[in-house]
A.B. asks: 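The structure's right below; bear with me while I get my questions together.
Note on naming: letters A, B, ... go to the chains in the order of the sequence lines (proteins, then strands), and numbering restarts at 1 for each one.
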Number of protein chains: 2
Amino acid sequence: MKTTIKDVAAYAGFSIATVSRAINAPHSVNRVTLEKIREAIDALQFSPNPLGRQLRSDRTRLIGIVLPTLANPVFAECLQGIDELASAQGYRLMLMTTQYDADRERHAIETLRAQRVEGLILTVADADTHPLLDELDHAGLRYVLMHNDTVRRPAVSVDNRLAAYEGVRMLIAHGHRHILMLAGTLAESDRARLRYVGYSQAMQQAGLTPAPALEVDFNADELAPSVLAHLTKGATRPTALFCSNDLLAMVVMRGLRRASYSVPEHMSILGFDGLAVGELLSPPLASLCTPNREIGCAAWQRLMNRIEGVDDGSSLSLTLPHTLRVGETVGAISDIVGQR
Amino acid sequence: MKTTIKDVAAYAGFSIATVSRAINAPHSVNRVTLEKIREAIDALQFSPNPLGRQLRSDRTRLIGIVLPTLANPVFAECLQGIDELASAQGYRLMLMTTQYDADRERHAIETLRAQRVEGLILTVADADTHPLLDELDHAGLRYVLMHNDTVRRPAVSVDNRLAAYEGVRMLIAHGHRHILMLAGTLAESDRARLRYVGYSQAMQQAGLTPAPALEVDFNADELAPSVLAHLTKGATRPTALFCSNDLLAMVVMRGLRRASYSVPEHMSILGFDGLAVGELLSPPLASLCTPNREIGCAAWQRLMNRIEGVDDGSSLSLTLPHTLRVGETVGAISDIVGQR
DNA sequence: TTGAAAGCGCTAACAG
DNA sequence: CTGTTAGCGCTTTCAA
């Protein structure tokens with residue numbers, strides 16, 4: 001694509017300024033002039049180079065997206081929501097993933113800033129303690145967090161504490177008293193922490209003792225023997241597991257099954273995220289569902305409001321409703337088969 | 001970020017040309033000068049505006065990615081592979097999704113071209129008959145296809161025909177004679193077509209009659225009754241299903257289960273894609289696995305070769321090996337329980 | 001080794 | 001309504 005606005009101007013017999021106007025403010029141009037210029041544009045297959053425009057007008061219509069990973073459908077779904085609105089509104093997305101790595105988070109944000117994105121939508125490990133975000137605030141670069149559960153920054157998420165609380169209450173209502181929370185190895189995210197708080201509160205309120213969260217590497221192919229032992233041995237073995245995310249829940253389910261424990265007969269399982277594939281499992285996974293697509297859309301809306309100055313003055317963080325998908329992986333304690 | 005190269009030049013006491021050299025060709029600058037300029041850059045927190053650079057030097061280091069959807073992990077995984085290499089090599093990715101819609105494919109490609117991406121990695125519905133790709137060839141914009149199975153254009157994929165052929169042979173080896181192929185509603189992709197060819201060849205070679213592919217809407221929550229009837233009624237009801245992708249296979253499995261058909265006792269199922277979640281199902285889904293991440297990486301490599309002129313002269317399309325994941329959803333015909 | 005100056009493609013005053 | 005002109009931030013001759 002080598003044709004520039006100059007070529008069009010020459011071809012149409014007008015100045016480049018008029019061509020520019022014909023493109024950006026057609027009403028301010030004489031009808032016949034406009035017509036001629038449009039013909040020229042067609043004939044030359046001209047498409048304005050955004051770089052020139054961006055450089056000059058300081059508007060890139062570029063939004064940076066920073067996500068931990070696309071391997072977890074949670075984020076892929078958010079991105080779907082964002083992409084839908086963005087392309088409808090003429091913005092382009094620049095994507096970087098971080099694998100939850102702090103260095104990569106930093107690198108991504110810096111790269112995107114250097115590229116002059118007009119705003120950022122991101123999910124970081126821990127929003128409250130993130131120095132880069134303060135920097136962004138300070139530099140005046142607009143951003144909105146997704147899934148990060150904090151009141152200190154602009155964020156869209158569910159109420160992780162409450163969702164976990166309700167989920168665990170449900171387990172308790174099914175008669176479970178020994179309920180263990182399982183967390184991924186990257187347990188130190190704001191939301192994981194809040195989910196643990198919700199778990200603890202539900203337990204305590206029922207007069208039960210919350211146990212420390214058990215860390216499980218859910219990238220491993222098999223459940224570690226020590227973990228399996230923890231889940232299945234001893235007088236106080238748990239009868240229900242609250243997993244901090246669905247991927248983890250699914251891996252645990254498979255691990256238990258391979259060890260000949262069946263769900264929910266021997267063990268009840270509750271996940272978090274509400275992945276669509278969870279419903280396709282057998283039995284379908286019970287889970288706390290987050291509206292991922294909507295979270296993406298809402299994050300976009302808020303970012304646009306901030307960029308376009310429609311600062312609605314609403315509180316920083318937006319909490320979207322979660323839902324409890326009942327599934328079939330949670331059974332009543334009375335149905336539980338004794339330890340094998 | 002308002003500081004420009006001018007500010008740095010003023011601060012360091014040199015011309016902007018020298019600052020530019022200090023950044024882009026440090027060896028051509030006096031050591032002490034370089035030092036001073038670097039200090040200035042640090043002090044001012046200067047980061048060069050890529051727009052200026054890009055406009056001037058006609059290199060954007062931007063790559064456009066066009067994918068049907070992120071809802072299917074197949075594409076999310078490819079993107080992971082691409083992102084890994086891209087960010088390591090200092091390229092940025094601009095992402096657009098199309099939902100398999102031709103208009104959106106066109107729009108995405110045009111937007112990305114206008115943005116002056118240096119290359120394109122895409123997955124389209126049908127590569128051979130795609131007029132836009134000819135246009136790209138003609139315009140000299142480099143691109144590489146992913147998953148599109150064609151020899152006419154630069155592409156990275158598996159041998160879809162062969163993979164399907166092998167999969168169906170395996171079903172036949174298990175004693176199945178009534179094997180039906182199920183396809184999504186967007187059956188008219190090059191790869192879906194080739195998978196059907198593979199299915200047909202395997203059938204014919206075994207002296208069996210291939211049936212027309214049955215279209216199934218796998219976005220629906222339930223299997224349509226007509227489909228279910230097709231799968232379960234009649235003397236010639238299939239004993240095995242070859243599904244053109246894993247998502248479809250999973251939905252069908254659920255549908256059968258809800259209708260009280262069990263897999264593989266009543267029906268064997270073979271998928272295509274090898275989604276990681278398929279292994280977490282119970283029983284684990286048998287599938288033809290495509291190396292998605294590797295496909296993404298390979299596509300990137302080829303694109304880079306083309307962009308950087310290392311045209312290795314190798315044939316246009318690259319075929320990566322697929323694997324057959326045995327799973328447990330395929331049973332021998334002798335185990336099949338009669339129609340209920 | 002460094003600087004002056006031109007210009008990438010475009011927009012936005014300011015005149016006319 | 002249209003043209004002239006001056007940059008946006010940067011790289012790159014060409015001289016010095």
Side-chain angles (χ1 to χ4, degrees), chain A residues 1-41 44-62 90 92 111-118, chain B residues 1-41 44-62 90 92 111-118:
Chain A
M1 183 73 60
K2 309 210 63 170
T3 62
T4 79
I5 199 172
K6 265 188 197 158
D7 303 319
V8 177
Y11 186 101
F14 292 91
S15 73
I16 61 168
T18 303
V19 175
S20 176
R21 275 185 224 105
I23 294 170
N24 301 298
H27 53 274
S28 73
V29 167
N30 183 293
R31 300 187 62 80
V32 289
T33 306
L34 187 58
E35 201 47 50
K36 282 184 188 161
I37 291 177
R38 288 204 163 139
E39 276 168 21
I41 289 177
L44 272 45
Q45 300 227 62
F46 170 69
S47 146
N49 185 334
L51 296 175
R53 181 182 304 198
Q54 288 161 3
L55 185 56
R56 174 65 220 231
S57 58
D58 230 8
R59 291 224 53 187
T60 59
R61 300 210 140 225
L62 239 44
R92 266 121 345 192
T111 303
L112 263 11
R113 275 182 74 180
Q115 192 70 38
R116 267 57 177 184
V117 295
E118 290 186 27
Chain B
M1 181 73 60
K2 308 211 64 167
T3 62
T4 78
I5 200 172
K6 266 188 198 160
D7 303 319
V8 177
Y11 186 102
F14 292 91
S15 73
I16 61 167
T18 304
V19 175
S20 176
R21 275 185 223 106
I23 294 170
N24 301 299
H27 52 275
S28 73
V29 168
N30 184 296
R31 301 187 62 81
V32 289
T33 306
L34 186 58
E35 201 46 52
K36 282 183 187 161
I37 290 177
R38 289 204 165 140
E39 276 167 22
I41 289 177
L44 271 43
Q45 300 225 64
F46 171 68
S47 145
N49 185 332
L51 295 175
R53 184 185 304 206
Q54 288 161 2
L55 185 56
R56 175 61 220 235
S57 57
D58 229 9
R59 292 224 51 187
T60 59
R61 300 211 139 224
L62 239 44
R92 267 124 342 198
T111 304
L112 263 10
R113 276 182 75 179
Q115 192 70 38
R116 268 53 177 186
V117 296
E118 291 186 24

A.B. asks: Over how many whole Å does the gap from A:Arg116 atom CZ to D:dG9 atom C1' extend?
C.D. replies: 9 Å
A.B. asks: Hey, are B:Gln115 and A:Arg92 close enough side-chain-wise for a donor-acceptor pair under 3.5 Å?
C.D. replies: yes
A.B. asks: From CD1 of B:Ile37 over to P of D:dC10, roughly how many Å is that when rounded to an integer?
C.D. replies: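 Whole-Å distance recorded here is 13 Å.
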A.B. asks: Short question: side chain of A:Asn24, backbone of A:Arg21 - any donor-acceptor pair under 3.5 Å?
C.D. replies: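 No, because the side chain of A:Asn24 does not come within donor-acceptor range (under 3.5 Å) of the backbone of A:Arg21.
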A.B. asks: Base, sugar-phosphate, or nothing: which does A:Pro48 touch, judged by heavy atoms less than 4.0 Å apart?
C.D. replies: sugar-phosphate
A.B. asks: Mind listing the closest non-hydrogen atom pair of B:Asp7 and B:Thr3 along with its distance?
C.D. replies: OD2-CA, 3.0 Å
A.B. asks: May I have the distance from A:Asp58 (atom CG) to C:dA13 (atom P), rounded to whole angstrom?
C.D. replies: 13 Å
A.B. asks: Listed in order of residue number, which residues of residues 7-19 of chain A have a non-hydrogen atom at under 4.0 Å from DNA chain D?
C.D. replies: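 Output list: A:Phe14, A:Ser15, A:Ala17, A:Thr18.
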A.B. asks: Using atom CZ of B:Arg61 as one end and atom C1' of D:dC10 as the other, report the distance to the nearest whole Å.
C.D. replies: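 Roughly 16 Å, once rounded to whole Å.
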A.B. asks: Verify, without hydrogens or angle tests, whether B:Arg116 (side chain) and B:Ala114 (backbone) share a donor-acceptor contact under 3.5 angstrom.
C.D. replies: yes
A.B. asks: Salt bridge check, B:Glu118 against B:Arg61: does any charged N sit closer than 4.0 Å to a carboxylate O?
C.D. replies: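 Salt bridge absent between B:Arg61 and B:Glu118.
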A.B. asks: Enumerate, atom names and distances included, each donor-acceptor pair closer than 3.5 Å involving a side-chain atom of residues 25-40 of chain A, sequence neighbours excluded.
C.D. replies:
{"from": "A:Ser28", "atom 1": "OG", "to": "A:Ala25", "atom 2": "O", "distance (Å)": "2.8"}
{"from": "A:Asn30", "atom 1": "OD1", "to": "A:Val32", "atom 2": "N", "distance (Å)": "2.8"}

A.B. asks: By a strict heavy-atom criterion of less than 4.0 Å, which residues belonging to residues 20-35 of chain B are in contact with DNA chain D?
C.D. replies: B:Ser20, B:Arg21, B:Asn24
A.B. asks: In whole angstrom, what separates A:Leu44's CG from C:dG9's P?
C.D. replies: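 Roughly 14 Å, once rounded to whole Å.
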A.B. asks: Which heavy-atom pair separates A:Ile5 from A:Phe46 by the least distance, and what is that distance?
C.D. replies: N-CE1, 3.5 Å
A.B. asks: Over how many whole Å does the gap from B:Leu55 atom CG to C:dC10 atom C1' extend?
C.D. replies: 8 Å
A.B. asks: In whole angstroms, how far is the P atom of D:dC10 from the CD atom of A:Gln115?
C.D. replies: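 Rounded to whole Å, this separation is 13 Å.
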A.B. asks: State, to 0.1 Å, how close B:Pro48 and B:Ile23 come at their nearest heavy-atom pair, and which atoms those are.
C.D. replies: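 Heavy atoms of B:Pro48 and B:Ile23 come nearest at CG-CD1, 4.4 Å.
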A.B. asks: Separation of B:Arg56 atom CZ from C:dG9 atom P, in whole Å?
C.D. replies: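 To the nearest whole Å, that distance equals 10 Å.
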A.B. asks: Quick check on D:dG9: is either OP1 or OP2 less than 4.0 Å from any side-chain nitrogen or oxygen of B:Arg53?
C.D. replies: no
A.B. asks: With sequence neighbours excluded, what pairs up with A:Thr60 under the side chain to side chain donor-acceptor pair (under 3.5 Å) test?
C.D. replies: none
A.B. asks: With a 4.0 Å cutoff (strictly under), does any side-chain N or O of B:Lys6 reach OP1 or OP2 of D:dC8?
C.D. replies: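 Yes, B:Lys6 has a side-chain N/O under 4.0 Å of OP1/OP2 on D:dC8.
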A.B. asks: Using the C1' atoms of the five pairs at each end, what is the angle between the end axes of the helix from C:dT1-D:dA16 to C:dG16-D:dC1, to 10°?
C.D. replies: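 Both end axes considered, the difference amounts to 40°.
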A.B. asks: Do the side chains of B:Ile16 and B:Ser20 get nearer than 4.5 Å, heavy atoms only?
C.D. replies: no
A.B. asks: Which residues pass the side chain to side chain donor-acceptor pair (under 3.5 Å) test with A:Ser15, sequence neighbours left out?
C.D. replies: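 Side chain to side chain donor-acceptor pair (under 3.5 Å) list for A:Ser15, sorted by chain: A:Thr18.
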